[in-house]
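This report refers to the structure that appears directly beneath it.
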Protein chains: 4
Amino acid sequence: MGKKSEEKYDKILHASIKVFSEKGYQNTSITDIVKNAGIAQGTFYLYFPSKSALIPAIADHLLTITFEKIKERVSEQDSFWNILKQIISITFESNETYKDIVVLCYSGLAIEHSMEKWEMIYQPYYQWFEDRITQAILKKEIIQAIDVKLTTKMIINLIENTAERYFIGNENDALEAEYQEEIFNFVKRSLSTI
Amino acid sequence: MGKKSEEKYDKILHASIKVFSEKGYQNTSITDIVKNAGIAQGTFYLYFPSKSALIPAIADHLLTITFEKIKERVSEQDSFWNILKQIISITFESNETYKDIVVLCYSGLAIEHSMEKWEMIYQPYYQWFEDRITQAILKKEIIQAIDVKLTTKMIINLIENTAERYFIGNENDALEAEYQEEIFNFVKRSLSTI
Amino acid sequence: MGKKSEEKYDKILHASIKVFSEKGYQNTSITDIVKNAGIAQGTFYLYFPSKSALIPAIADHLLTITFEKIKERVSEQDSFWNILKQIISITFESNETYKDIVVLCYSGLAIEHSMEKWEMIYQPYYQWFEDRITQAILKKEIIQAIDVKLTTKMIINLIENTAERYFIGNENDALEAEYQEEIFNFVKRSLSTI
Amino acid sequence: MGKKSEEKYDKILHASIKVFSEKGYQNTSITDIVKNAGIAQGTFYLYFPSKSALIPAIADHLLTITFEKIKERVSEQDSFWNILKQIISITFESNETYKDIVVLCYSGLAIEHSMEKWEMIYQPYYQWFEDRITQAILKKEIIQAIDVKLTTKMIINLIENTAERYFIGNENDALEAEYQEEIFNFVKRSLSTI
DNA sequence: TATGAATGAGACTTCATTCAT
DNA sequence: AATGAATGAAGTCTCATTCAT
């Protein structure tokens with residue numbers, strides 16, 4: 001597998017993101033990717049066993065970026081509602097940048113019958129958000145009569161799916177703020193102690 | 001396309017659902033489908049222009065079944081909260097029956113860059129649910145400070161995504177009721193006027 | 001496998017014999033064969049699952065030709081020593097015509113770990129020769145203190161291997177008669193009752 | 001080639017025998033061999049110009065072992081019939097140990113159109129056996145009306161081919177002695193002066 | 001309308017070989 | 001002498017699609 005150079009691995013990863021975004025997963029051949037990456041055909045197989053192995057790698061890459069950004073911009077001391085606002089905002093940002101590839105990752109994993117991989121990749125993010133919820137419960141910011149794990153997944157899905165739909169639907173830019181607010185309010189009304 | 005023979009069309013549709021469920025979309029060839037349908041290779045093209053054209057047809061078929069069931073079991077006079085409960089329950093039922101194919105439809109459409117088709121197929125269902133929400137607002141069952149269209153999509157997505165996750169994650173059967181209840185409560189707390 | 005046309009099957013078989021003879025098994029690509037056969041690349045796979053599946057088909061074809069010739073030229077009433085002489089002569093003839101391909105068949109089967117197939121193909125020929133030996137024992141032409149099955153295989157191998165060696169070694173044509181006689185005498189001295 | 005390091009050469013040779021035996025010639029890549037030998041990819045080419053160059057090296061190695069064993073166990077003073085018995089016995093031993101690789105060597109050479117190499121490798125063995133036959137003629141142990149060179153090859157082939165067939169056919173162990181005896185008697189009846 | 005043999009482009013993948021270290 | 005990452009040509013095989021029957 002990963003023989004030596006981190007550089008080549010990254011080249012392939014970024015080339016694949018680029019080409020997938022442009023042509024879609026199905027219409028992209030490995031030849032397209034290697035040409036774009038500026039490497040030889042065979043080199044691809046030193047780093048990835050197949051085209052489909054790119055999907056989890058890309059998914060991991062994208063989520064890592066998003067998650068890093070969240071951890072950067074959010075202090076664990078912040079109020080839960082501030083944290084939520086940030087997450088919504090950053091999720092929209094990431095989805096804008098990677099709008100084509102995001103659906104593709106989800107689909108790619110789904111299509112290969114490997115939703116478990118998806119869950120694995122999301123695990124650290126889920127864990128972190130569960131911790132935020134638990135903390136918020138302790139701080140009486142949100143009600144306690146909820147299943148933390150399930151609520152975590154529901155909220156994250158709600159945000160991501162809406163963001164996805166927003167950018168893919170090519171809806172009017174002006175509405176972005178309202179979309180974000182609608183999600184925020186939906187969740188807040190449901191969970192707030194006040 | 002031209003409905004030459006409803007019978008053959010259905011044969012192809014059901015064969016494709018069966019084979020996609022077993023082998024996944026990518027690994028299924030048209031040859032697999034026609035063998036399973038018991039028709040000739042060329043006959044396929046009299047009913048569908050390509051493999052990918054099956055996806056919206058399947059999606060339409062599945063949603064129609066689910067939507068029919070909902071309309072059967074729900075009276076428009078019912079309280080909104082009863083309707084919601086039914087929808088959640090039926091969505092879980094459908095997802096159990098078609099668990100493999102549901103993700104695949106979503107993915108299939110996503111992967112072909114045709115989320116618009118998805119929205120089109122869902123349009124009647126969305127419209128019906130919007131009407132239920134509007135009615136509920138008028139009946140003061142739910143608060144009025146919401147974007148009806150967006151809330152509709154958020155709720156339906158919330159239910160479908162959780163159901164999907166539930167059956168794909170092969171989680172403990174005992175939890176199904178709790179999952180359904182958690183979704184219901186999440187939405188009720190957010191929208192109820194009480 | 002063999003869908004329809006005997007014609008296409010034969011085209012492939014003869015093209016493969018021709019090309020294998022010229023370039024050897026390893027250096028022959030399926031592309032070479034289909035070009036020579038005048039058919040499309042994909043058509044090959046309607047008749048044979050892979051390149052290596054050609055080998056037993058060729059072997060069968062060649063042995064069938066040889067065996068037919070033997071049965072044509074030999075009457076079961078002939079003396080065993082006449083029959084043997086004919087077999088030697090015909091084996092040399094066949095080996096001359098198909099000298100390159102004969103080794104290749106043997107090798108091809110060997111290399112694929114499928115000597116059993118070889119035995120299966122030879123089975124009718126072995127059986128026929130066993131019957132001739134048994135008959136010769138009854139007619140007291142040859143001694144009876146032998147294992148008929150094993151002796152059959154030893155004799156046939158002796159003839160084929162020597163013929164093979166003769167033509168591949170490119171030895172002087174003049175010697176062919178002497179080679180044949182040497183084999184004949186070797187066997188006759190060993191088995192004759194006289 | 002240049003014997004840079006006898007040790008590495010042997011490592012490659014033995015690794016190739018092992019891997020060829022397990023996977024067959026075709027399915028073995030040089031990568032398989034170097035991994036098994038515990039050397040680097042490039043190192044292979046310091047000792048062998050190509051994969052096919054391994055075949056004659058292996059053949060040479062195997063025949064050398066067998067021939068050494070024969071010369072060890074046989075005194076040139078022994079009666080021809082004793083020598084023959086030993087050769088048969090040792091050939092069966094060698095074939096048992098190297099059953100997979102033996103056919104492969106023969107095939108490998110055949111397939112590369114280089115039967116001459118085979119003859120070259122066998123030359124010393126043939127020569128030695130010719131000498132034994134000539135001596136036996138002089139000692140009146142065997143008849144003189146034979147072509148010594150041709151008879152040598154026929155006998156050796158007879159033994160090797162039967163042994164090969166015996167071990168590849170997975171025949172009942174109990175029969176090994178009878179097989180050996182059948183060959184011995186076949187030859188003895190043919191050549192003995194008595 | 002239905003058939004299914006034939007097509008042929010092109011995808012994936014392997015692997016012998018090179019060469020800078 | 002030894003290494004092993006990189007190469008890229010070439011091969012196998014699949015499969016959507018066509019078309020004569």
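Computed from heavy atoms alone, side chains included, the values below leave out hydrogens, waters and symmetry copies. The sequence lines fix the lettering, A, B, ..., with proteins before strands; numbering per chain opens at 1.
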Would you kindly give the [atom1]-to-[atom2] distance between [X] and [N], to the nearest whole Å?
{"X": "B:Tyr9", "N": "E:dT1", "atom1": "OH", "atom2": "P", "result": "16 Å"}
{"X": "C:Leu54", "N": "F:dG11", "atom1": "CG", "atom2": "P", "result": "16 Å"}
{"X": "A:Ile39", "N": "F:dG8", "atom1": "CD1", "atom2": "C1'", "result": "12 Å"}
{"X": "A:Lys35", "N": "F:dT7", "atom1": "NZ", "atom2": "P", "result": "15 Å"}
{"X": "B:Ile12", "N": "E:dT1", "atom1": "CD1", "atom2": "C1'", "result": "12 Å"}
{"X": "A:Lys11", "N": "F:dA5", "atom1": "NZ", "atom2": "P", "result": "17 Å"}
{"X": "C:Glu7", "N": "E:dA5", "atom1": "CD", "atom2": "P", "result": "14 Å"}
{"X": "C:Phe48", "N": "F:dC13", "atom1": "CZ", "atom2": "C1'", "result": "16 Å"}

Heavy-atom protein contacts under 4.0 Å, nucleotides 13-21 of chain E, coded B base, S sugar-phosphate only, - none: BB-SBB---
Complement of [N], any strand, by Watson-Crick or G-U distances under 3.5 angstrom:
{"N": "F:dT21", "result": "E:dA2"}
{"N": "E:dT7", "result": "F:dA16"}
{"N": "F:dG11", "result": "E:dC12"}

For the side chain of [X] and the backbone of [Y], is there at least one donor-acceptor N/O pair under 3.5 Å apart?
{"X": "C:Asn27", "Y": "C:Lys23", "result": "yes"}
{"X": "A:Asp10", "Y": "A:Glu7", "result": "no"}
{"X": "C:Asn36", "Y": "C:Ile33", "result": "no"}

Run D:Thr97 and D:Ile65 through side-chain contact (heavy atoms from CB on, under 4.5 Å) and show every step you take. CA-CA 11 Å; D:Thr97 312; D:Ile65 289 175; over 6 Å; no
Using a 6.0 Å distance limit plus a 45 degree cone around the ring axis, check whether A:Lys51 lies over the aromatic ring of A:Tyr25. yes
Is the NZ or CZ atom of D:Lys11 positioned over D:Tyr47's six-membered ring, under 6.0 angstrom from the centre and within 45° of the axis? no
What nucleotide, of E:dG4, E:dA5, F:dT3, holds the atom closest to the side chain of D:Lys8? F:dT3
Would you say C:Tyr47 reaches E:dA5's phosphate, i.e. side-chain N/O to OP1/OP2 under 4.0 Å? no
What heavy-atom pair brings B:Ile12 and B:Phe48 nearest, and what distance separates the two atoms? CG2-CE1, 3.6 Å
